[in-house]
Amino acid sequence: MADLIEPRTLKGFRDYPPALMLPRERVLQTARAVYRSYGFAPIDTPALEYAEVLLGKGGGENDRLVYRFKDHGDRDVALRFDLTVPFARFAAQYVGQLGTPFKRYAMGPVWRGENTAHGRYREFWQCDFDTIGTTSNAADCEIALVINDLFAALGFDRFEVRVNNRLVLNGLLESLGLADKAVPLLRSLDKLAKVGREKVAEEMAREAGVTAEQAGRVLDLAQTAGDNADVLQQAERFFAGMPNEKATEGVRRLRELLAVAETAGVPAGRIRIDLSIARGLDYYTGTIYETFLSDLPGIGSVCSGGRYDNLASLYTKQVLPGVGASLGVDRLLAAMEELKHPRLTGAATPAEVLVVQFDAARLGDYQRVARLLRAAGIATEVYPEAKKPGPQLQYAEKRGFKLAVIAGSQEFAAGVWKVKDLAKREEVAVPEAGLAARTRDLLATR
RNA sequence: GUGGCUGUAGCUCAGUUGGUUAGAGCGCCAGAUUGUGGAUCUGGAAGUCGCGGGUUCAAGUCCCGUCAGUCACCCCA
């Protein structure tokens, strides 16, 4: 007997059995449908790229988290660690053919060799959508609408899109003479909700070398509270004493975004101005979005993004501004599981109806009704063995089928099919002519 | 990458200061019940104690390494 190889998966990589894959596919399908409904077009790029393309010239901090190796032709290559950088390369390469503005979405796995944790893996999916080639605030407003429609379509009612604009924060830092320290300051500020004002102030002093008073000014603005109108008004007052062009423009854009969302019909309360949202990534330059589930804010943002001045400066001299966001699929699914979201049924089958195979000689009849139901849009499986109905019904309920269709000699003699609701354990006899319609009714009302 | 905790049957877990053939509940399979699954009873299968080394007369138990999970930092989705 040969030695067996132990079946196992790499640290941070996962298998997806049907019960995980089905809700995942539903989320991806929903996202795809919403993105497309706004005119975002699908693109894809290779998983593997030249390391130089993904890492830039320096490499630097990314070296640790990027899977990088020599291929068989001794090329220095790396697996993509997000969808944004390959998109920047793509945009630089094809902007001539694509024209601007250009709206795309992309969904796919990305890889990061960092340490694992609950809900954090070395292979995970991103679902990005971006509009590039325009600085118009209309594109920023639309991103907020997409996020709203996306979560509504996913079956969420209680969520909040928190919006800020880096121009406001950068304007403040400029006024305080701290513009060159924006990166460490904003990275610290991003932790405000998590660690509190005191610790953020400490970290700002330590990491960015600012005075306690300077840190206090930044935090005062960030912590402006109240409803959206209040916050914007207070921000304007805040800058009244030290007029700043950037901050003024930032506030104007936020004000417009709110007005557009309201007029376009986004329910009140869905969008909230939050001047403390910074996003750690230094390439954001304008509007910033984070999305929180009101019933589970602790899990963090489930859809984030923002505006950047120049996506593709590494690859082209053509300036390509843009704005977009990314759905955190794995985090969202973890949240849905924790919230016992009604769409997570735990089913391990995409089919709703199981045809019990009673009599092997009738297989053709079983497959005929199954096809009849499938033609009516109802996914239907015929049990692959003829045996006692008990075990077949057990199989059906365990896998998450909703209805069973049963017929033996009595039913065939009477010209009917029995349709059984597996949860209620009730069955009705239906002639074949009305079977599809009746089945659809039963599925709809359960 | 740093530090802490965890790893025993398909699942959830017991397992004494190291001491005989490692247990339970649930689940699973078969039968009582050759046309209908949530009950009961009877019987049954199933464990390289994550993996590898070491200490010991003796290791699930102690030590080291390793793999994996998890928590905190870091960073992020």
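When reading the values below, keep in mind they use all heavy atoms of this one structure, side chains included, and skip hydrogens, waters and symmetry mates. What you see is a predicted model; the values in this text were computed from it and never measured. Residue numbers begin at 1 in each chain, while the letters A, B, ... track the order of the sequences.
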Round to the nearest Å and state the distance from [X] atom [atom1] to [N] atom [atom2].
| X | N | atom1 | atom2 | result |
| --- | --- | --- | --- | --- |
| A:F13 | B:C67 | CZ | P | 15 Å |
| A:E427 | B:G35 | CD | P | 15 Å |
| A:R362 | B:G35 | CZ | C1' | 15 Å |
| A:E426 | B:G37 | CD | C1' | 15 Å |
| A:R122 | B:C67 | CZ | P | 10 Å |
| A:D190 | B:C74 | CG | P | 12 Å |
| A:K398 | B:G10 | NZ | P | 14 Å |
| A:N115 | B:C73 | CG | C1' | 11 Å |

Want to know the stems of RNA chain B: at least 3 consecutive Watson-Crick or G-U pairs with distances under 3.5 Å, which are they?
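Detected stem regions: B:1-7 with B:67-73, B:10-13 with B:23-26, B:28-32 with B:40-44, B:50-54 with B:62-66.
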
Just call it for [X]: base, sugar-phosphate, or nothing, with non-hydrogen atoms closer than 4.0 Å on any strand.
| X | result |
| --- | --- |
| A:E411 | base |
| A:Y395 | nothing |
| A:G12 | sugar-phosphate |
| A:L422 | base |
| A:I406 | base |

Criterion salt bridge (charged side-chain N to carboxylate O under 4.0 Å, His left out) on A:R399 and A:E381, from CA distance to verdict
CA-CA 11 Å; A:R399 294 294 166 100; A:E381 173 176 333; over 6 Å; no

Expressed in whole Å, how much space separates the [atom1] atoms belonging to [N] and [M]?
| N | M | atom1 | value |
| --- | --- | --- | --- |
| B:U48 | B:G1 | C1' | 33 Å |
| B:A14 | B:G44 | C1' | 23 Å |
| B:G4 | B:G65 | P | 11 Å |
| B:U8 | B:G3 | P | 25 Å |
| B:C57 | B:G52 | C1' | 23 Å |
| B:U16 | B:G7 | P | 13 Å |
| B:A68 | B:A24 | C1' | 26 Å |
| B:G54 | B:C73 | P | 40 Å |

Any donor-acceptor N/O pair under 3.5 Å between B:C76 base and A:R112 side chain:
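Side chain to base: no pair below 3.5 Å.
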
Is there a donor and acceptor pair closer than 3.5 Å between the side chain of A:S409 and the base of B:G35?
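Yes, a donor-acceptor pair under 3.5 Å.
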
Give the ring-plane orientation class for A:F412 versus A:W417, where under 30° counts as parallel, over 60° as perpendicular and anything between as tilted.
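Judged by the thresholds at 30° and 60°, the geometry between A:F412 and A:W417 is perpendicular.
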
In terms of ring plane angle, is the pair A:F40 and A:Y35 parallel, tilted or perpendicular, where the classes change at 30° and 60°?
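The rings of A:F40 and A:Y35 stand perpendicular, inter-plane angle above 60°.
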
Are B:A77 and A:F124 stacked, with the base six-membered ring and the side-chain ring centres under 5.5 Å apart and planes under 30°?
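Stacking between A:F124 and B:A77: present.
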
A:A78 to A:V66 - nearest heavy-atom pair and separation
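Scanning both residues, the minimum pair turns out to be CB-CG1, 3.6 Å.
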
In this structure, which one of A:D140, A:T285, A:T135, A:N165 forms a side-chain hydrogen bond (donor to acceptor under 3.5 Å, both in side chains) with A:R307?
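Among the candidates, only A:D140 passes.
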
Where the side chain of [X] is concerned, which of [options] is the nearest nucleotide?
| X | options | answer |
| --- | --- | --- |
| A:R331 | B:C76, B:U36, B:A72 | B:C76 |
| A:Q126 | B:G35, B:A77, B:G37 | B:A77 |
| A:K11 | B:G35, B:A68, B:G1 | B:A68 |
| A:R425 | B:A77, B:U36, B:G37 | B:G37 |
| A:T116 | B:C75, B:G37, B:G69 | B:G69 |

Near-strand residues of residues 383-394 of chain A, defined as heavy-atom separation under 4.0 angstrom from RNA chain B:
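Only A:P389, A:G390, A:L393, A:Q394 qualify.
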
So, does [X] use its side chain to make a donor-acceptor pair with the main chain of [Y] at under 3.5 Å?
| X | Y | result |
| --- | --- | --- |
| A:R112 | A:F81 | yes |
| A:Y308 | A:G324 | no |
| A:R166 | A:A278 | yes |
| A:S301 | A:T291 | yes |

5′-ward residue of the pair A:D330/A:D421 relative to RNA chain B:
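In this pair, the answer is A:D421.
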
Considering heavy-atom distances to RNA chain B, does A:S301 or A:L10 have its closest nucleotide positioned more toward the 5' end?
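First, find each residue's nearest nucleotide; the 5'-ward one identifies A:L10.
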
Which residue is it: A:L54, A:V110, A:L55? I am looking for the one with a side chain to side chain contact (heavy atoms under 4.5 Å, CB included) to A:V85.
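One option only clears the test, and that one is A:L54.
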
Would you sort out whether A:F129 and A:K103 count as a side-chain contact (heavy atoms from CB on, under 4.5 Å), showing the intermediate values?
CA-CA 7 Å; A:F129 58 102; A:K103 295 163 76 170; over 6 Å; no

Working for salt bridge (charged side-chain N to carboxylate O under 4.0 Å, His left out), residues A:R24 and A:D330:
CA-CA 8 Å; A:R24 194 183 163 76; A:D330 295 275; 3.3 Å; yes

